[in-house]
Amino acid sequence: MKTGSARRTIDLDERTVDALRSWRLVREQEATLAGLKVSEDETVFACPDGSLTHPDYFSQVFDRHLATSELPRIRFHDLRHTLATILLKAGVHVKVVSERLGHSSPAFTMTVYQHVIPGM
């Protein structure tokens with residue numbers, strides 16, 4: 001069962017925000033061409049008709065793209081661990097990483113990722 005922190009707001013870097021804003025403009029243009037309107041509260045990654053995308057869709061698309069690449073075979077969920085590892089190795093404070101991952105505490109994050117935390 002997910003905790004109350006499963007749905008949360010996280011800080012994104014400017015480059016990511018710019019990419020998401022650009023994607024939203026594309027979605028709005030596509031919707032206009034189709035005679036639809038994109039609402040302010042619409043999900044960024046939605047179906048063409050604006051309905052929610054099933055979560056499994058992202059994993060399936062990821063798996064298809066991975067199969068045609070020379071990258072190591074990992075699960076979509078493993079990207080979460082990859083992000084945590086990269087952030088911690090880059091010196092991002094464990095509290096920030098813990099919040100991004102939605103962990104109950106930085107102590108839990110340290111337990112799981114202590115092997116990549118500098119000085120641990």
Side-chain angles (χ1 to χ4, degrees):
M1 176 183 276
K2 292 289 183 182
T3 65
S5 63
R7 293 184 64 99
R8 62 202 167 277
T9 301
I10 60 169
D11 293 326
L12 297 174
D13 61 273
E14 195 171 322
R15 184 174 168 193
T16 301
V17 171
D18 289 343
L20 291 170
R21 283 188 178 131
S22 294
W23 176 246
R24 181 169 179 83
L25 288 175
V26 169
R27 291 257 313 125
E28 288 173 350
Q29 292 167 351
E30 290 174 346
T32 300
L33 289 173
L36 303 171
K37 183 169 177 11
V38 177
S39 67
E40 270 304 306
D41 61 347
E42 186 172 311
T43 305
V44 175
F45 299 104
C47 294
D49 66 358
S51 63
L52 294 177
T53 305
H54 193 282
D56 289 342
Y57 174 76
F58 295 103
S59 293
Q60 292 166 0
V61 170
F62 178 77
D63 289 343
R64 283 197 300 268
H65 284 290
L66 197 59
T68 61
S69 76
E70 294 186 24
L71 295 170
R73 303 297 180 246
I74 62 171
R75 299 169 301 153
F76 185 70
H77 181 78
D78 293 334
L79 294 174
R80 173 183 168 85
H81 300 296
T82 302
L83 171 67
T85 301
I86 290 169
L87 291 174
L88 291 166
K89 282 191 168 195
V92 174
H93 195 280
V94 70
K95 184 174 185 335
V96 173
V97 176
S98 179
E99 288 172 357
R100 286 219 177 153
L101 296 175
H103 287 165
S104 56
S105 72
F108 178 80
T109 306
M110 288 176 64
T111 299
V112 175
Y113 294 100
Q114 65 185 338
H115 62 287
V116 298
I117 298 173
M120 289 295 289

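When reading the values below, keep in mind they use all heavy atoms of this one structure, side chains included, and skip hydrogens, waters and symmetry mates.
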Between the CG atom in Leu83 and the CG atom in Asp78, the distance rounded to the nearest 0.5 Å is 12.5 Å
Consider only side-chain heavy atoms of I, L, V, M, F, W and Y, link residues closer than 4.5 Å, and tell whether Val112 and Val96 are in one cluster. yes
Note: Val92 and Leu88 closest approach over all heavy atoms is O-CD2, 3.9 Å
To check you understand the geometry: which heavy-atom pair defines the closest contact between Val97 and Leu87, and what is its length? CG2-CB, 3.7 Å
Those residues at least two apart in sequence (or on a different chain) that pass side chain to side chain contact (heavy atoms under 4.5 Å, CB included) with Gln29 are none
Can you tell me how far apart CG (Leu71) and OG1 (Thr68) are? Round to the nearest 0.5 Å. 9.0 Å
I need the Arg64 CZ to Ser59 OG distance, nearest 0.5 Å. 11.0 Å
Search all heavy atoms of Lys89 against all heavy atoms of Val116 and return the closest pair with its distance. CG-O, 3.8 Å
Got a list of side-chain donor-acceptor pairs under 3.5 Å for residues 12-20, not counting sequence neighbours?
from, atom 1, to, atom 2, distance (Å)
Asp13, OD1, Thr16, OG1, 2.8
Asp13, OD2, Arg15, N, 3.2
Asp13, OD2, Thr16, N, 3.0
Asp13, OD2, Thr16, OG1, 3.2

Step through the shown structure and confirm whether more than 12 heavy atoms of other residues, nucleotides or ligands are within 6.0 Å of CZ on Arg21. no
With sequence neighbours excluded, give me every ring-ring contact (aromatic ring centres under 6.0 Å, His included) pair touching residues 50-70. Phe62-Phe76
Got a second to check how far His93's NE2 is from Glu99's CD, nearest 0.5 Å? 10.0 Å
Side-chain heavy atoms of Tyr113 within contact of Leu101, under 4.5 Å: yes
Sorted by chain and residue number, the salt bridge (charged side-chain N to carboxylate O under 4.0 Å, His left out) partners of Glu30 (sequence neighbours excluded) come out as none
Side chain Ser98, main chain Lys95, donor-acceptor under 3.5 Å: no
For His81, enumerate each residue passing the ring pair (Phe, Tyr, Trp, His ring centres under 6.0 Å) test, keeping only those at least two apart in sequence or located in another chain. His77
For His103 and Thr109, the nearest pair of non-hydrogen atoms, with its separation, is ND1-OG1, 2.6 Å
Side chain to side chain contact (heavy atoms under 4.5 Å, CB included) with Thr111: which residues, sequence neighbours excluded? none
